[in-house]
Amino acid sequence: MVIQLDNQCLLCAEHDVESYAIGPRDAKIVVVTNRKSSGRFQDALDLQLKELGLDITQVLFTPVIKCRSFDVSLSNKRLREHAARYLLPELDRYPREFILCLGNEALLAVVGKSGITKYRGKTFEYKGADVISSVSPSAVNRNPGQKPGYIADLRLFINKVNGTATGIPDPKYIVADSKENLRKVFKILDMTEEIYIDIETNSKEYYQDDAAMVSLAATCVVVDSFGKHRAVFAVPLFHPQSPWRSQWREILRLLGLHCNHIKRVVAHNASFDCKWLIWCGMKLYPTFDTMLAIHNMDENIQRGLKPQAMARLGVESWGIDTGSLLRTPIAEVLHYNVLDTWYMYWVKQQLVEELKKDLRIARIFKFLTMPAQRDLINSELRGAWIDVKRLKERKPIAEANLARIEANIFKAAKLDEVPTDVWPHNVKHLVRGDKIIPWEVNFNASNFARWMLFDWLELPINDEQRGKVKEDGGPGNPSMKEEVLLHLQAETHHPVIDHMLERVTAQKHLSSFFNPYEELYDENHRLHTTFKLAGTVTGRLSSGKSDPDKISGSRGKMRGVNLQQVPRDPFIRGLFGAPPGWTFVEADYSQIELRIAAYLADETTMKHIYANNGDIHLSTAARVTGLPESQITKEIRKVVGKPINFGFLYGMGWRKFIETAFNNYGSVFTEAEAQAARIVYFQLYPKLLPWHAKQRRLVNEYGRVVSPLGRIRHLPDIYSPDRGVRMEAERQAINSPVQGFGSDMAVIAMIEINRRLRELGWDQYAHCLGLVHDAINFEIRDDYVSRVIPIIKDCMEDLDHLYRRFGVVIDIPIIADVSVGQHWGDKLELTAEQVYDFDLKYKYEKLKAA
DNA sequence: CACAGTAGCGCG
DNA sequence: AAAGCGCGCTACTGTG
């Protein structure tokens, strides 16, 4: 039934309004959407609600926007006016009991608050009715990762309507707020075989001086004379109302004494909690991370404990503002802390069942993800040693360099000749007579720098290289990226461009490397990163700061260090190294992705080259340039061979190839040359295109692709109506199994190396520092280098292990190159003979001489 | 002043 | 018609 409103939209004054409501007008249950839904959309929503148990014949569906215009766009204020005029009277006409708002506009109209991501899943009140909101179904369609949270909100709403409970009982728990209760907790721990643990902290990283743990909670599976049962407890620590505020570290140490026998440790994003706990003396290493299990099963989905628990268990949103834990009453903090572990327990039981249904994912989770997490925790806790002496010497050099470059820019741009009436008024300056004395001039890609280049110096703007179009429709800012500057340099030869190009690097070195390094190294001269095992969609690790949500008290201002983007420039990379008496060892896979692609495509020519210890960049360069291999210099190999192999392999077109070849390697290809290069490339390796076609077919058929190990990449974009988006998904389907498997090989090697070192009792003499995708870095005590590097090389090249543990047969040799030195990037690469017969004399004599 | 979005660049 | 893939951090801009 459609309700007619026979008046014109008062706000747009152009179109008629119509209610667009569907369902009984007097329904006690109302679903408010942003806009009128199409029939298809409405059907999907109906079905979803029905499946979750809602009787939709008793529901009124109605949109906020009643205007007939399709592209109506209202400010928040106008939207509320619109709602007050049309929607709210419609709601008020009959008594309502439950209102579901889908989308921010619906939330704003009914509740008067904007911020759907913040307020979703929370219960509000509107004239006696319970109001629950969630993101709009169309947002979920565009971004499937939103789905768990969305379903969670719908479940919550429907549970309320039907008066059904979640099925998850409330936990009863002990609060260790006295010595007596603390003793009870010790007893629980003594009988615990599996612990589900969670901590709350202040807004610091664990290794910082003023870091503090606010509370700790756990759900334990204990075994006693009555059999197996659950026990839950919470321990107040640094909180102002805690009896242990000044002794929180001592309390943790005591708890730690009762944990040594615990076999299974479960946490959500365990890396965070366990690093804190281990740092504080509770040696709990995770055996099951609920977040990582979820990520292994679906890399696109929201993996926060809250949306997962809400979607899976149907529980209501719980939580407090973690930014102000110390100002929240202790009882609330502990209750919140307990619920985290309690719901984690129930979620984990479900995850175990789901893992049983996909044994390849289960195998990745058990034998790759979790062991890697335990090893990485150790790497992160130890940190990477930084040569503070070098840092102190080099930072002033970098600063002086930047200052020199900026003085050159000032001169080359003739900034002291700018007339007062032309000088941009928002740039701080002094006027002395008819002279301008500027200060705080910003040469970064700022409005001032754009003014300087394109207004004052009148350099030509490339209209194809502009930023986002302005809101008022004006043209976007001209780009100032390197590529644009390089072209400007070639066209104008203006000296200021050279200095601007030089400045970008100098500035980056200071702001992204020297400054954070100096700020973040600890008392042992170590930098701590966080490696995320759920940071990418392919299975690679990412590196950076700790989970920003957990550090939210600092409002995202927390800095971190990414050990995977340290510049190769020895001036920076050489800041890292091994402390005196130790050696820095880098072991990296040689062309791992090309080898894997050759394996996956069963590419005969590539396989032949690798089987004969050939050089694929060289072969490619020779074929494409038409030169004999003997005439391919190192330079041609780098400038021609590399960009072709890495680009075309993953579906790059010839236009993009011209760009990247110019930007990355400075080599100029004409359109004809680029097109020819692409054709020659695929003639040279004829099995590559059929392999591309196979990946495209697979992703179109299944919406996902699988790596040799069984790692899944879901690519819902393949169903997009946009052809460009679909083709992007196809290229991702080509790249993902290669990139993911390469990364998995490195992770497996790291695990195996660490395992062997532990078995030999050498783990105190050789430490893994972390992974850089296809490279593993170590610090090894000098007297153990010769004994450890063969282990590293063996494990990385070990295809037997890959077969035995994961059932993958690789018929291409995999090579790991090992280099040693005092600092990272010292480039003392060892031959295979030297690795297996390594004598320390090589290190400083022979190799340096060579 | 905080926040979100974007540009730019570091790495593989 | 054409479109390499995967990340994290800093700085700047516009908005409120």
Side-chain angles (χ1 to χ4, degrees), chain A residues 75-77 114-115 117-118 299 426 442-450 465-472 476-485 501 504-505 507-513 515-516 529-532 535-545 548 555-569 572-573 588-589 591-593 597 643-657 659-661 663-664 678 692 695 713 715 722-740 742-743 746 771-775 825:
Chain A
S75 67
N76 285 358
K77 185 163 164 273
S114 178
T117 51
K118 188 171 168 195
E299 75 289 354
N426 57 344
N442 185 349
F443 291 110
N444 288 329
S446 62
N447 286 345
F448 171 78
R450 290 194 179 88
Q465 296 282 3
R466 282 179 179 273
K468 213 189 157 202
V469 176
K470 296 277 168 75
E471 273 195 13
D472 60 13
N477 286 330
S479 167
M480 292 187 56
K481 63 182 169 190
E482 188 184 22
E483 176 195 352
V484 171
L485 294 185
L501 279 165
V504 173
T505 310
Q507 163 68 26
K508 179 86 176 172
H509 280 183
L510 276 169
S511 67
S512 287
F513 306 111
N515 290 343
T529 188
T530 296
F531 288 106
K532 291 186 191 170
T536 74
V537 289
T538 57
R540 272 190 175 181
L541 311 184
S542 71
S543 161
K545 58 183 154 206
R555 279 195 273 284
K557 286 176 83 176
M558 203 79 183
R559 275 186 147 165
V561 49
N562 182 336
L563 290 184
Q564 295 179 331
Q565 61 178 181
V566 180
R568 279 173 297 188
D569 184 342
I572 313 268
R573 193 163 276 203
D588 65 319
Y589 279 117
Q591 302 178 1
I592 189 73
E593 291 198 7
I644 289 176
N645 281 322
F646 287 122
F648 291 150
L649 181 68
Y650 297 128
M652 189 191 270
W654 59 266
R655 286 172 194 280
K656 183 78 176 177
F657 172 71
E659 262 179 57
T660 51
N663 295 336
N664 301 339
R678 193 167 190 277
H692 285 192
Q695 294 305 109
R713 171 89 190 263
L715 289 162
D722 183 329
R723 188 176 142 81
V725 173
R726 286 201 307 275
M727 295 187 73
E728 189 178 349
E730 291 182 350
R731 292 193 300 276
Q732 289 163 335
I734 293 165
N735 170 273
S736 266
V738 180
Q739 190 186 111
S743 169
L771 265 77
V772 190
H773 307 305
D774 63 357

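Numbers restart at 1 for each chain; the letters A, B, ... are given by sequence-line order, proteins then strands.
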J.: Within less than 4.0 Å of OP1 or OP2 of dC7(C), is there a side-chain N or O belonging to T536(A)?
T.: no
J.: Could you list the residues that satisfy side chain to side chain contact (heavy atoms under 4.5 Å, CB included) with E728(A), not counting sequence neighbours?
T.: R731(A), Q732(A)
J.: Between dG6(C), dA2(C), dG14(C), spot the one nearest the side chain of N447(A), thanks.
T.: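 The closest nucleotide is dG14(C).
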J.: Determine: side-chain N/O of N444(A) to OP1/OP2 of dC12(C), distance under 4.0 Å, yes or no.
T.: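 Looking at the OP1 and OP2 atoms of dC12(C), one of them is under 4.0 Å from a side-chain N or O of N444(A).
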J.: Within the structure, does a side-chain N or O atom of R559(A) lie under 4.0 Å from either OP1 or OP2 of dT10(C)?
T.: yes
J.: Y650(A): what forms a side-chain hydrogen bond (donor to acceptor under 3.5 Å, both in side chains) with it, not counting sequence neighbours?
T.: E593(A)
J.: Does R678(A) put a side-chain nitrogen or oxygen below 4.0 Å from OP1 or OP2 of dA3(C)?
T.: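 No, outside the criterion.
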J.: Could you spell out the base pairing of DNA chain C as a dot-bracket line? Use Watson-Crick and G-U wobble contacts where both distances are under 3.5 Å, [ ] for crossing pairs, | for partners on a different strand.
T.: ....||||||||||||
J.: Applying a 4.0 Å non-hydrogen cut-off, can you work out what G740(A) is touching in the nucleic acid: base, sugar-phosphate, or nothing?
T.: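 No contact at all - G740(A) keeps every heavy atom at 4.0 Å or more from the nucleic acid.
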J.: When you compare the side chain of Q564(A) with that of L541(A), does any pair of heavy atoms fall below 4.5 Å?
T.: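 L541(A) reaches Q564(A) side chain to side chain.
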J.: R573(A) CZ to dG12(B) C1': how many Å, rounded?
T.: 10 Å
J.: One character per nucleotide, please: for nucleotides 5-10 of chain B, 5' to 3', B when the base has a protein heavy atom closer than 4.0 Å, S when only the sugar-phosphate does, - otherwise.
T.: -SSBBB
J.: Could you pull out all residues at least two apart from R655(A) that satisfy salt bridge (charged side-chain N to carboxylate O under 4.0 Å, His left out)?
T.: none
J.: Ignoring backbone atoms, establish whether R731(A) has a side-chain N or O less than 4.0 Å from OP1 or OP2 of dC5(C).
T.: yes
J.: With sequence neighbours left out, write down each residue that passes side-chain hydrogen bond (donor to acceptor under 3.5 Å, both in side chains) with R450(A), or none if nothing qualifies.
T.: none
